[in-house]
Each structure stands twice: as C-alpha cells, then as structure tokens.
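Source: prediction; values computed, not measured. To find a chain, count down the sequence lines: A is the first, B the second, and so on, and within it residues start at 1.
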Amino acid sequence: MKTKKQNADFLHVGRKLLDWYKIHGRELPFRKTNDPYKIWICEIIFQQTRIEQGLNHYRNFIERFPDVQTLAGAETDEVLLYWKGLGYYSRALNLHKASLQIINDFNGIFPADYDSILQLKGIGKYTAAAISSICFGKKIAAVDGNFYRVLSRLFADDFDISNSKAFDYFSELALKMMPENEAGHFNEAMMDLGSEICKPKNPKCESCPLNKDCVAFNLGKISGFPVKTKKVKPTDLDLYYSFVEYNGQFLVRQRKDDFIWKKLFEFPVEIPADWQQFVVKQKTIAHKLTHKNLSIQMSHVVLESQDIFTEFANGNGFSIITYEESHQKSFPKPLENYLKDYYENKSLMR
DNA sequence: AATACGGGGGT
DNA sequence: ACCCCAGTATT
C-alpha cells in the first residue's frame with residue numbers, strides 16, 4: 001500500500017538522522033541531564049538565541065539558581081541581572097513567575113505532563129514539547145526554526161512557515177520520521193542538523209547524512225526553502241535620556257514591565273528646564289533592534305550642587321549609584337555601552 | 001492573523 | 001541592508 005511505504009520511508013530517514021546524531025551530535029552542558037528544571041532553563045535561554053551567545057548565561061544561571069526552589073526564592077531583579085544582555089527580558093520575568101507557579105501549584109515538583117507544563121508562564125508549544133520529549137519521553141515533535149528549515153528542504157515542501165498552522169503541519173511530518181522511544185534524541189538531532197549542516201545560508205549539503213533523501217538538494221533548489229512570506233519592517237523609535245552626574249554618582253530608575261526593556265534600569269527622561277545650563281555634551285546614539293531603529297539623544301549633565309541632585313532623585317523615584325554599583329543592575333545594551341564608554345574609555349569627553 | 005519583544009552573528 | 005536564531009504573549 002502506498003501510504004504504508006511512504007511512512008516506512010519517513011521512518012528510514014528519521015533513523016538515519018538519529019544515527020548521525022549519535023556520532024556527530026554536539027556536546028552541550030544540558031545534554032548530560034534529564035533534569036526538567038535544567039532543560040527548562042536552557043530551552044528558555046535558547047529561544048531566538050544562538051548556542052554560542054547563551055552558553056555562558058546558561059552556566060552562570062544554573063550555578064546561581066541550581067533548582068526551582070532557589071529560583072523561586074530569589075528577587076526578580078537578581079534573575080534579571082543574570083539575564084543581562086540576552087534580550088527578550090520577559091523570558092526572565094516569566095521564568096521567575098513560573099518558578100513560583102511550580103512551588104504553589106505543583107508542590108515544588110516540575111510537572112511531568114504536557115498540559116501542565118504548558119500552563120507555566122513563558123512556556124509555549126515548542127518548549128512544552130521539548131521538555132516533555134527530552135525529560136519524560138513523550139512522543140512529540142519540538143518544532144522550531146530548525147525543523148521548518150530541515151523538513152521543508154527535505155521534502156521540498158513550500159508550506160509557508162509564516163502561516164500559523166506551520167507548527168502543526170511540520171509537527172505531523174516530523175512525527176512520521178520519529179523512531180519509537182527516541183523522541184528526545186530525535187528532536188535534539190533535528191536541531192543539531194539544522195544548526196551545523198542544514199544552515200540558513202551555505203548549508204553543508206555535501207556532509208549531510210540526508211542528502212540522498214533531500215528533495216530540494218537533488219533538485220538544486222535548497223535556497224528556495226523554507227518559504228516565508230511574512231516580512232516585518234523595522235520602525236523608528238526616538239528616545240531622549242539625560243545622564244545626570246554629580247561627584248562620581250548618577251541617576252537611574254527602573255522601567256515598567258510594558259514596552260521594551262521590561263524592568264531594566266535607565267537614566268532620567270525628563271529633567272528640570274534650568275538644568276540645561278549644566279549640559280556638558282550631547283550625542284546621538286544609533287542602535288538597531290530586531291524591529292526597531294533606535295535613535296537615542298543623550299544629554300550629559302554634570303551638576304554642581306548636591307542639593308538639587310538628591311532632591312530631584314528623592315522626589316522622582318531615582319536611585320543614586322556609582323559605576324561600580326551599576327554592574328549589579330541590568331541596563332539596556334545601548335545604555336550599558338554608554339556607561340562603559342564613559343567610565344572606561346572617557347571617549348565622551350574627548 | 002498580526003504584532004511586539006533584544007541582541008548577536010552571518011552574508 | 002537583510003536574514004536568522006532551541007518562541008511566547010498579547011491583541
């Protein structure tokens with residue numbers, strides 16, 4: 001029967017992938033454990049984040065928060081500090097919220113079933129599938145960007161990955177390939193193949209264990225997959241900050257958790273009009289985010305009176321800190337760069 | 001179904 | 001200048 005033969009072919013390719021993975025799979029710190037807490041942390045960190053970028057964050061995070069009890073007992077600001085520079089800061093806030101969910105709703109034990117895992121803040125279909133398969137052996141595909149790329153090329157499948165049904169579509173495809181009792185390893189294998197071989201640009205098809213089976217490759221049409229129609233155009237965002245300094249100290253406050261840079265620290269936006277006389281330098285900082293072109297107007301203010309400095313700080317919810325103390329707070333990247341530039345290079349004043 | 005949400009790396 | 005990355009929440 002035709003469909004039966006096709007399914008057997010799918011499974012054959014899946015086994016090939018698994019065999020490749022057992023020899024060529026990456027050795028990563030979180031590959032040595034099935035602790036759902038550690039797998040959870042790594043899955044959140046590596047959402048939209050390359051392994052090389054997040055590896056040190058993962059190690060530091062696990063060292064400081066080795067289990068869910070430690071994480072739940074920590075201050076949100078310290079969790080954010082360990083997230084410094086990773087971006088998508090709601091991930092850190094949700095991580096902390098979810099740790100409290102686990103303590104309060106699941107007796108401090110990481111839930112073992114897919115639907116319970118899915119209830120945790122910051123965990124969606126991908127992460128729930130990854131944890132379920134890797135830690136609890138559930139036969140389910142953890143469909144991420146690698147799956148879209150590998151599978152669309154393997155079958156020369158032009159299903160639009162912008163489509164909200166793409167997850168379920170490729171999930172079903174992957175399930176046909178998945179060998180029995182190997183869901184976790186299969187999912188990791190797809191990620192490794194997508195990351196090391198079946199890369200977005202210049203894929204190493206000559207080294208690919210699936211190149212004999214890859215329809216797009218054998219058609220010479222690798223570059224046509226995956227198909228993605230949706231394109232978001234970046235918008236401009238203008239920000240205005242005043243860096244207010246007195247005697248080696250400066251003003252910071254914490255942002256809200258809406259908009260960008262949730263709960264991170266920033267400089268004053270509005271300052272008294274008569275402080276304009278203390279502006280010693282102005283410069284514009286250009287900074288690109290994924291969907292925003294930032295232009296930050298920085299006014300550098302050096303006050304001559306401690307009274308107006310502390311009075312303004314106390315009346316407007318600002319903290320007065322030193323550069324050393326700023327290392328214990330999480331700043332948006334461009335503001336962190338500004339601080340570093342000023343205190344370590346002094347290039348601002350040149 | 002669209003949009004918002006960071007930062008880093010590659011071409 | 002544009003694309004992508006171990007995606008999720010919100011509207």
Can you give me every donor-acceptor pair (side chain of residues 67-74 of chain A, partner residue at least two apart or in another chain, under 3.5 Å) with its distance?
| from | atom 1 | to | atom 2 | distance (Å) |
| --- | --- | --- | --- | --- |
| A:D67 | OD1 | A:Q69 | N | 3.3 |
| A:D67 | OD1 | A:T70 | N | 2.8 |
| A:D67 | OD1 | A:T70 | OG1 | 2.7 |
| A:Q69 | NE2 | A:G108 | O | 3.3 |

Partners of [X] by side-chain hydrogen bond (donor to acceptor under 3.5 Å, both in side chains), sequence neighbours excluded?
| X | result |
| --- | --- |
| A:D144 | A:N146 |
| A:D115 | none |
| A:K139 | A:E180 |

Next item on the list: Could you list all the ring pair (Phe, Tyr, Trp, His ring centres under 6.0 Å) pairs where at least one residue sits in residues 186-225 of chain A, not counting sequence neighbours?
Entry: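 Matches after skipping sequence neighbours: none remain.
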Next item on the list: Any ring pair (Phe, Tyr, Trp, His ring centres under 6.0 Å) involving residues 265-286 of chain A? Give me the pairs, sequence neighbours left out, ordered by first then second residue.
Entry: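 Qualifying pairs, neighbours excluded: A:F243-A:F267, A:W275-A:F312.
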Quick test: give all pairs of protein nitrogen or oxygen and nucleotides 9-11 of chain B nitrogen or oxygen below 3.5 Å, distance rounded to 0.1 Å.
none

Notebook entry, point to check: Does the base of B:dG6 carry an N or O that pairs as donor and acceptor with the side chain of A:T49 under 3.5 Å?
Noted result: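 Yes, the side chain and the base share a sub-3.5 Å donor-acceptor pair.
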Margin query: Expected output is a numbered-order residue list: members of residues 84-96 of chain A with a heavy atom under 4.0 Å from any atom of DNA chain B. What is it?
Written below: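 Those residues are A:G85, A:L86, A:G87, A:Y88, A:Y89, A:R91.
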Checklist line | Dot-bracket summary - DNA chain B, pairs being Watson-Crick or G-U whose distances fall under 3.5 Å, with | when paired to another strand | finding: |||||.|||||
Next item on the list: Check each residue of residues 147-169 of chain A for a non-hydrogen atom within less than 4.0 Å of any atom in DNA chain C, then write out the ones that pass by number, or none.
Entry: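 Those residues whose heavy atoms fall under 4.0 Å from DNA chain C, taken from residues 147-169 of chain A in numerical order, are A:R149.
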Checklist line | Within residues 40-48 of chain A, residues whose heavy atoms come under 4.0 Å of DNA chain C | finding: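 Residues of residues 40-48 of chain A under 4.0 Å from DNA chain C: A:E43, A:F46, A:Q47, A:Q48.
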Note to self: Under 4.0 Å from a heavy atom of chain A: give me the 5'-most and 3'-most nucleotides of DNA chain C that qualify.
What the structure shows: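 Going 5' to 3' along DNA chain C, contacts run C:dC4 to C:dA9.
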Notebook entry, point to check: Hey, does the side chain of A:D257 reach the backbone of A:K263 with a donor-acceptor pair shorter than 3.5 angstrom?
Noted result: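 No: the side chain of A:D257 does not pair with the backbone of A:K263.
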